[in-house]
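Below is one structure, written out as structure tokens; comments come after it.
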Amino acid sequence: MTKKELAKKIAEEQVLTQKQATAIVDSVFDSIVAAVAAGEKVSVPGFGTFESKTRAARTGRNPRTKEAVEIPATTVPSFKAGKAFKEAVNG
């Protein structure tokens, strides 16, 4: 499902225009991204938790030259599904 399809489904279920539903979806996603980028944890009960995690620096290997390459530490977004979400997917 794409973001456009999600907005269309919300518009149909909540009796909104496609434009209103798209604005809501964009606002929710923008808010989650901004909070996680600021280092906050976003928890949606029953759905899951969005947060940022730090990956430590490590040594990798260039597959062509087999030369060791230092990979710097980085911060990455992370999502952990909630219990209700997991149960819905597992049936």
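Note that these values count all heavy atoms, side chains included, but never hydrogens, waters or copies made by symmetry.
Considering CD of Glu40 and CD of Glu51, their distance stands at 12.5 Å, rounded to 0.5 Å. In this structure, CZ on Arg55 lies 7.0 Å from OG1 on Thr74, to the nearest 0.5 angstrom. Between the NZ atom of Lys80 and the NZ atom of Lys41 there is a distance of 8.0 Å, given to the nearest 0.5 Å.
When side chains are defined from C-beta on, Thr22 does not count as touching Lys3, because their heavy atoms never get closer than 4.5 Å. Ile32 has its side chain out of reach of Val44: every pair of non-hydrogen atoms, C-beta onward, lies at least 4.5 Å apart. Between Ile10 and Val25 the shortest side-chain heavy-atom distance falls below 4.5 Å. Proximity of Lys9 to Met1: side-chain heavy atoms (C-beta onward) are separated by under 4.5 Å at one or more points.
In terms of heavy-atom proximity, Glu70 sits nearest to Ala57 at OE2-CB, 4.1 Å. Nearest heavy atom pair, residue Lys8 against residue Gln18, reads CA-OE1, 3.4 Å. Nearest heavy-atom pair across Ala7 and Ala21 is O-CB, 3.1 Å.
Atom CD of Glu67 is surrounded by 12 or fewer heavy atoms from other residues, nucleotides or ligands within 6.0 Å.
Counting only distance, with no hydrogens or angles, the side chain of Ser27 and the backbone of Ala23 share no donor-acceptor pair below 3.5 Å.
Listed by first and then second residue, the ring-ring contact (aromatic ring centres under 6.0 Å, His included) pairs involving residues 33-64 are Phe47-Phe79, Phe47-Phe85, Phe50-Phe79 (not counting sequence neighbours).
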